[in-house]
Amino acid sequence: KTTVAVAMSGGVDSTVTAALLKNKGYSVRGVFMALAQPDLERQIERVRTIAASLNIPFAVMDLGKPFRGAVLDYFRESYLQGKTPNPCIVCNREIKFGKLQEEILQSADMMATGHYARIGYDSARGFRLFKGRDPKKDQSYFLSRLTQRQLGKILFPLGELTKDEVYGRALDLGFTNFEKSGESQDVCFLKGKTVQDFFVQQQIRTSRGEIVTIAGRLIGRHEGIQGYTVGQRRGLGIPDATPYYVVALDSQSNRVVVGKKNDLWHDRLLVKDMNWISGQPPELPRYFAVKIRYRHEPAGARIETDGSGRLIVHFDEAQRAITPGQFAVLYTDDEVIGGGEIVKAFS
């Protein structure tokens, strides 16, 4: 039998993933990643109970140290540099399908997770990454940094299912304690806490600074730029006839720059550190659909290189709140072509 280790969190997705693979005849085992979860012991016991009910072996892998170095340090430094990070994208490449996958493949043939995405293969292009069939749950955006080596050892059994179908499978298996309203969209190490809470908890000192308009006029003060992100309106405390929005974070001068709604729109952005799913860049310039954040509707854009390895994205129509530190992910229809970090927006 092919041995598959399933990364289990205690949620409905990973539970159904393990059950589906077992029913298909795989030799399945459950693995839990111990990271920086605030309720770690409770989660471990929950997964242990689920694994026992599925009659599969279960193990805990302590990846706290590499997680702190690859994800928490990145998270902290990004905010201090005036960026808005995406820790899930980094974690998927460096930890879940990095360190965890490396450990798993020492004793298993494949790794599986409950992601809503699909993997294909052809001899000319290698392993290919596609959106999940459920458009509301598709998670391909978060997987855009994966490599050919990583994709070649992954199974996504839920890629062809909708979320409702997954809940139905769970009920068929006798699991009645998964509530549809109980899902959390929080970053795992925050769990309802704010970024400001994280900085306080980690005892990271931040500096107060100025809130200025695009023209440089001082109109307020902030408690640390890590508490702000591009597009933010609430919490600024700046009265005016029309609302102010955060349009930029200047880490060098420790300033939060604000403007009006129209100042949030740009039709170009610069991308660095591009990861191409195929392992090779396509011929550019070329036209793609581009997502600038997870919940963003992909927008048509012409992609070209700037001559130094970075990409310039020219949107057909201006996009709102393009945020440095987030990731621009390129698609052709349902296929992920690659993704890179947004450096800046401009017009």
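Formation of a donor-acceptor pair under 3.5 Å by the Q232 side chain with backbone atoms of T229 is found in this model.
Under the 30°/60° scheme for interplanar angles, the aromatic rings of F288 and W276 are found to be tilted. The aromatic rings of H115 and F97 lie tilted to each other, with the angle between the two planes from 30° to 60°.
In this structure, K131 is positioned above the aromatic face of Y331, its NZ or CZ under 6.0 Å from the six-membered ring centre and within 45° of the axis. A cation-pi arrangement is not found for K22 relative to Y26, the charged atom failing to lie both closer than 6.0 Å to the ring centre and inside a 45° cone about the ring normal.
If you check the side chains of K260 and T242, you find a donor sitting under 3.5 Å from an acceptor. Side-chain contact check for D164 and T162: no donor-acceptor pair (N or O, by modelled atom type) lies under 3.5 Å. Side-chain atoms of S107 and R29 form a donor-acceptor pair, as typed in the model, at a separation below 3.5 Å.
Residues V230 and I322 have side chains not in contact (no heavy-atom distance under 4.5 Å, counting atoms from C-beta outward). With a 4.5 Å cut-off on side-chain heavy atoms, L311 and L270 do not count as touching.
Residue pairs that meet the side-chain hydrogen bond (donor to acceptor under 3.5 Å, both in side chains) test with at least one member in residues 85-99, sequence neighbours left out, are R93-N275.
Residue I337 holds its CD1 atom at 11.5 Å from OG of S144, rounded to the nearest 0.5 Å.
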Item to check | F75/F189 under ring pair (Phe, Tyr, Trp, His ring centres under 6.0 Å): CA gap, chis, key distance, verdict | outcome: CA-CA 11 Å; F75 185 79; F189 57 86; 5.0 Å; yes

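Among the candidates T323, L236, D263, L264, the single residue satisfying the side chain to side chain contact (heavy atoms under 4.5 Å, CB included) test with V246 is L236.
The number of heavy-atom neighbours closer than 6.0 Å to CD of Q202, taken from other residues, nucleotides and ligands shown, is above 12.
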